[in-house]
Amino acid sequence: MSDLLRPRASLRTAVVWEVLKDALERRVKAAGRDALDVLDTGGGSGNFAVPVARLGHRVTVVDPSPNALFALERRAAEAGVADRISAVQGDAHGLFQVVERGGYDAVLCHGVLEYVDDPAEGLNNAADALRPAGTLSLLAAGLGGAVLARALAGHFTEARHALTDPTGRWGEGDPVPRRFTAEQLTELVTATGLKVGAVHGVRVFADLVPGVLVDTEPGAMDALLKLEAAAAEQPAFHSVATQLHVLAERD
């Protein structure tokens, strides 16, 4: 089973997956082709690449970790889509050393900008990998979600530190190197020349609700998924989301 289909994982990925799937369907109709060429930068073990390949698309995954790529190849084989997935070792900054510039109908840049040395350069490379009218799916850590989570855990000093820190980190022990606001992400995307189509807040409530409630209360999982989907499109909730998703297109 793909991680996207597991109940607990679906709380983390459902909003992004539905938006991405719809965007790919629109791109298929516009391109007049059943199969798209999709690039997944930092795609790791294939949490999105394998489901995208199951839709019939050709996916190239670029990731710096050989272990992640090995896991990807195994997962792709188990899912029966190994012939539609290519695993390439590399990173966002050296992207065009391993893939073709302007060669993809869609580019996924999920969980990458938090870790690269230069987010603007990394995002520029992702945008430059797109064909005309191509689609970018950008997912990054949200500042507000981290601030809220630290505060609710009683770590008020850390919450304030994250709120005022230029990179959005709550302290030296923070495992995430960088976080963003929705405004920062949209500015980065616009600077690449792409047109922002939609912004969604991801994991607005999922990380705050006790797991035992979701696991034991009848219907709670489905109700929470529906709540996440409804809140994702509301700008008021972008400022407290754990992650932010931006969908953009090249003219």
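Positions are given from 1 along the sequence.
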#### Entry: Close side-chain approach of Asp40 and Val52, heavy atoms under 4.5 Å
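Of all side-chain heavy-atom pairs linking Val52 with Asp40, none is under 4.5 Å.
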### Message
What I'd like to find out is whether the side chain of Thr192 reaches to under 4.5 Å of the side chain of Leu188, using heavy atoms alone.
### Response
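No, too far: nothing below the 4.5 Å cut-off.
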Basic-acidic side-chain contact under 4.0 Å: [X], [Y]:
X: Arg75; Y: Glu78; result: no
X: Lys226; Y: Asp222; result: yes
X: Asp174; Y: Arg179; result: yes

Report, as yes or no, whether the 6.0 Å neighbourhood of atom [atom1] on [X] holds more than 12 heavy atoms from other residues, nucleotides or ligands.
X: Arg33; atom1: CZ; value: yes
X: Glu233; atom1: CD; value: no
X: Asp34; atom1: CG; value: no
X: Phe96; atom1: CZ; value: yes

### Query
Which heavy atom in His93 sits nearest to a heavy atom in Val116, and how many Å separate them?
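The answer is NE2-CB, 3.6 Å.
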### Shortest non-hydrogen contact from Ala248 toward Leu194
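Smallest interatomic distance, heavy atoms only, reads CB-CB, 4.1 Å.
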### Task
Run the numbers on Leu123 and Leu136 for side-chain contact (heavy atoms from CB on, under 4.5 Å), then give the verdict.
CA-CA 10 Å; Leu123 192 56; Leu136 172 72; 3.9 Å; yes
#### Entry: Parallel, tilted or perpendicular: rings of Trp17 and Phe48 (30°, 60°)
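Phe48 and Trp17: tilted rings.
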### Task
Evaluate the ring planes of His245 and His200, with Trp represented by its six-membered ring, and classify them as parallel (under 30°), tilted (30 to 60°) or perpendicular (over 60°).
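Rings of His245 and His200: tilted, 30 to 60°.
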### Task
Using modelled atom types only, decide if a donor and an acceptor are shared between the side chain of Gln184 and the backbone of Ala182 within a distance under 3.5 Å.
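No: the side chain of Gln184 does not pair with the backbone of Ala182.
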### Task
Check for a donor-acceptor pair, side chain of Arg150 on one end and backbone N or O of Arg160 on the other, with a separation under 3.5 Å.
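Pair absent, no side-chain N/O of Arg150 close to backbone of Arg160.
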### Task
Flag yes if Leu24 and Val50 sit in one hydrophobic cluster, no otherwise; membership is Ile, Leu, Val, Met, Phe, Trp, Tyr, and two members link when side-chain heavy atoms are under 4.5 Å apart.
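Yes, it is one cluster - the side chains of Leu24 and Val50 are joined through contacts under 4.5 Å.
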### Message
In this structure, would Val16 and Val246 fall into the same cluster of hydrophobic residues linked by side-chain contacts under 4.5 Å?
### Response
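Different clusters.
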#### Entry: side-chain contact (heavy atoms from CB on, under 4.5 Å) between Glu228 and Val204, intermediate numbers included
CA-CA 6 Å; Glu228 287 281 354; Val204 174; 3.9 Å; yes
### Message
Between Val196 and Glu187, is the side-chain contact (heavy atoms from CB on, under 4.5 Å) condition met? List the steps.
### Response
CA-CA 9 Å; Val196 174; Glu187 286 175 4; over 6 Å; no
### Message
If you apply the rule side-chain contact (heavy atoms from CB on, under 4.5 Å), what do you find for Leu113 with Leu185, and how did you get there?
### Response
CA-CA 10 Å; Leu113 295 193; Leu185 286 181; 4.2 Å; yes
### Message
Between Arg203 and Asp207, does the salt bridge (Lys or Arg N to Asp or Glu O under 4.0 Å) criterion hold? Intermediate values first, please.
### Response
CA-CA 6 Å; Arg203 290 158 60 188; Asp207 293 348; 2.9 Å; yes
